[in-house]
Amino acid sequence: MNHDSGFEKFLTTLCCVVLALVLAALLMVSHIQQKKTTKELETKATQAMMQDGNNTYETTVVSGSSASDSAAPEETDSTATSSSSSSSSVSAVSATSVSSSSASDTKNEKTSYTAISIRGDSYMEDDADKANGYPAKLQALLQAAGSDMTVEDDTWDMAGTLSQMSLAGIDQQTVQNYINNHTQNGLTDSYDTIVRADLSEYLKDRDDKSYLPVLTMGYHGGWGNDLNELIEQEKAVLATYENGTRDYLVLGSYPSGWTDHSAYDTAMTQAFGNHYISLNSTVTASMMTNDGRQQIAQTIFNKLKELGYIS
């Protein structure tokens, strides 16, 4: 009896050991499977994050949105917002820099001119030798300086601004409007009320529109003693040139009856800035003399160098 009882105890113990081993084996298998499953989940999660990151980058490149824009609202914090703002600010600054650079380049661009067109008073008679005119003298100065620029002489003696406008091809209705206003205001000076009768003899097709314009209009009148009108008329002639609103010279000489020289120069400087030259301040000899015209040529030459139109 005691023998049987001992055998039963042995079997019970053996069963317990076997069960314990089986349970341990099951637990181990379960642990291994759990680690495997966890690893697979981690791998999938990593792949998903990588894919999500790729999608965000592509969105940023295509649409220009910041990465934080793709996050859910509850995930967006102040740091992300600050980063987004900084990114936008950098982009804005870069765009501004490019824009400013382009504007600066445009501003600094200077057309290279091969010829100069001079219109206005000739300060010599129409039948005088053109070689003694200040355009021809300017041409000599340019050649002596090694410049290839040519000078076209479109000056006209004893011609007021209305005649000069007509010679430049300004439509006759515009010119007539000035004449009508002058007449209504009681002006009787012929320069203010007529265009030279021999206009057709000097009128020609404009071949100088791409040239650098130099104007010497106003000495003989035609602008009704109104400086605003003179400036308006000069700007109208400049506008007939391709770059006449940007590149030009305006030379002023007071009419004999004009006494307020300061007002004249002030108005011209305000209208044309550094492109304006007061001939009365730079020419000491009579402009109707050979020396005077030489000084006019030298004045133009100096200003061309100053403004960089010639080196």
Side-chain angles (χ1 to χ4, degrees), residues 113-170 189-191 194-222 233-234 237-238 240-241 244 248-258 276-305 309-310:
Y113 292 96
T114 59
I116 298 171
S117 170
I118 302 182
R119 291 184 176 275
D121 302 323
S122 64
Y123 302 111
M124 60 188 298
E125 296 179 357
D126 289 331
D127 58 355
D129 187 354
K130 287 285 190 179
N132 293 322
Y134 64 90
K137 294 180 182 298
L138 173 61
Q139 182 71 79
L141 290 173
L142 290 169
Q143 290 175 346
S147 173
D148 294 330
M149 293 181 75
T150 58
V151 180
E152 179 171 307
D153 185 355
D154 291 309
T155 61
W156 207 11
D157 183 39
M158 300 297 288
T161 55
L162 300 178
S163 296
Q164 297 289 357
M165 292 174 69
S166 299
L167 189 64
I170 302 294
D189 192 311
S190 60
Y191 292 116
I194 65 171
V195 173
R196 274 183 52 164
D198 56 349
L199 172 66
S200 59
E201 297 179 25
Y202 292 90
L203 194 62
K204 63 179 182 179
D205 292 335
R206 291 286 302 274
D207 60 356
D208 63 333
K209 291 184 177 182
S210 62
Y211 298 176
L212 176 68
V214 175
L215 301 188
T216 59
M217 295 167 51
Y219 178 76
H220 290 295
Q233 292 173 352
E234 288 177 320
V237 174
L238 289 174
T240 66
Y241 290 84
Y248 60 87
L249 296 184
V250 169
L251 285 66
S253 178
Y254 320 127
S256 57
W258 188 270
Y276 169 68
I277 309 170
S278 174
L279 290 179
N280 299 85
S281 301
T282 59
V283 179
T284 58
S286 170
M287 297 180 196
M288 299 298 293
T289 65
N290 196 54
D291 288 343
R293 291 190 292 272
Q294 182 65 51
Q295 289 182 18
I296 293 174
Q298 188 66 57
T299 296
I300 297 172
F301 179 83
N302 293 343
K303 180 60 76 169
L304 291 172
K305 290 195 67 175
Y309 293 120
I310 56 176

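Along the sequence shown, residues are numbered consecutively beginning with 1.
Counting only residues at least two apart or on different chains, the salt bridge (charged side-chain N to carboxylate O under 4.0 Å, His left out) pairs with a member in residues 129-144 are K130-D153.
No side-chain donor from either of Q295 and D291 sits under 3.5 Å from a side-chain acceptor of the other. For the 3.5 Å distance criterion, the side chains of S163 and Y191 fail to qualify, holding no donor opposite an acceptor. A donor-acceptor pair shorter than 3.5 Å can be found between the side chains of T161 and Q233.
A donor-acceptor pair is defined here as one N or O able to donate and one able to accept, closer than 3.5 Å; such a pair exists between the side chain of R293 and the backbone of M288. A donor-acceptor distance shorter than 3.5 angstrom exists from the side chain of Q164 to the backbone of G120, with no hydrogens or angles considered. A donor-acceptor contact shorter than 3.5 Å links the side chain of D126 to the backbone of D157.
At a threshold of 4.5 Å between non-hydrogen side-chain atoms, the residues Y276 and L251 do not count as touching. Side-chain atoms of R119 and V214, non-hydrogen and from C-beta on, never get closer than 4.5 Å to each other. Side-chain contact between D208 and D154 is present, with heavy atoms from C-beta onward closer than 4.5 Å. With a 4.5 Å cut-off on side-chain heavy atoms, T289 and Q294 do not count as touching. D121 places none of its side-chain heavy atoms less than 4.5 Å from the side chain of W156. Put simply, the side chain of M287 does not reach to within 4.5 Å of the side chain of Y134, judged on heavy atoms. Residues L142 and V151 meet the side-chain proximity criterion, which asks for heavy atoms closer than 4.5 Å. At least one side-chain heavy atom of T150 sits under 4.5 Å from a side-chain heavy atom of Q139.
Residue N280 comes nearest to Y254 through the heavy atom pair OD1-N, 3.0 Å, listed as atom of the first residue, atom of the second, then distance. The two atoms that bring G244 and P213 nearest to each other are CA-CG, 4.2 Å, heavy atoms only. S122 and T155 get closest at one heavy-atom pair: CB-OG1, 3.3 Å. Looking at every heavy atom in both residues, I300 comes nearest to I118 through CD1-CD1, 4.5 Å. The minimum heavy-atom distance between A131 and A136, with the atom names listed, is O-CB, 3.7 Å. Contact detail for V250 and Y248: the closest heavy-atom pair is CG2-CD1, 3.8 Å.
In this structure, Y123 and Y219 have perpendicular ring planes: the angle between them is above 60°, well past the 30° mark.
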Pair T114-M149, side chain to side chain contact (heavy atoms under 4.5 Å, CB included): steps then yes or no:
CA-CA 5 Å; T114 59; M149 293 181 75; 5.8 Å; no
Passes salt bridge (Lys or Arg N to Asp or Glu O under 4.0 Å), E152 versus K204? Steps please.
CA-CA 13 Å; E152 179 171 307; K204 63 179 182 179; 3.7 Å; yes
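Taking OG1 of T282 as the start and CD1 of I296 as the end, the distance is 8.0 Å to the nearest 0.5 Å. If you take OG on S253 and CD1 on I277, they are separated by 12.5 Å, rounding to the nearest 0.5 Å. One distance of note links CG of N290 with CE of M124; it measures 8.5 Å at 0.5 Å rounding. Distance OG1/T284 to CG/L279: 12.0 Å, rounded to 0.5 Å. If you take CG on L212 and CG on L304, they are separated by 6.5 Å, rounding to the nearest 0.5 Å. Separation of atoms CG (L249) and CG (L215) is listed at 9.0 Å; rounding is to 0.5 Å.
Crowding of D148 atom CG: a count of heavy atoms from other residues, nucleotides or ligands under 6.0 Å not exceeding 12.
Judged as a side chain to side chain donor-acceptor pair (under 3.5 Å), and not counting sequence neighbours, S147 has no contacts.
Within the cation-pi definition used here (under 6.0 Å to the ring centroid, within 45° of the axis), R206 qualifies as a partner of Y241.
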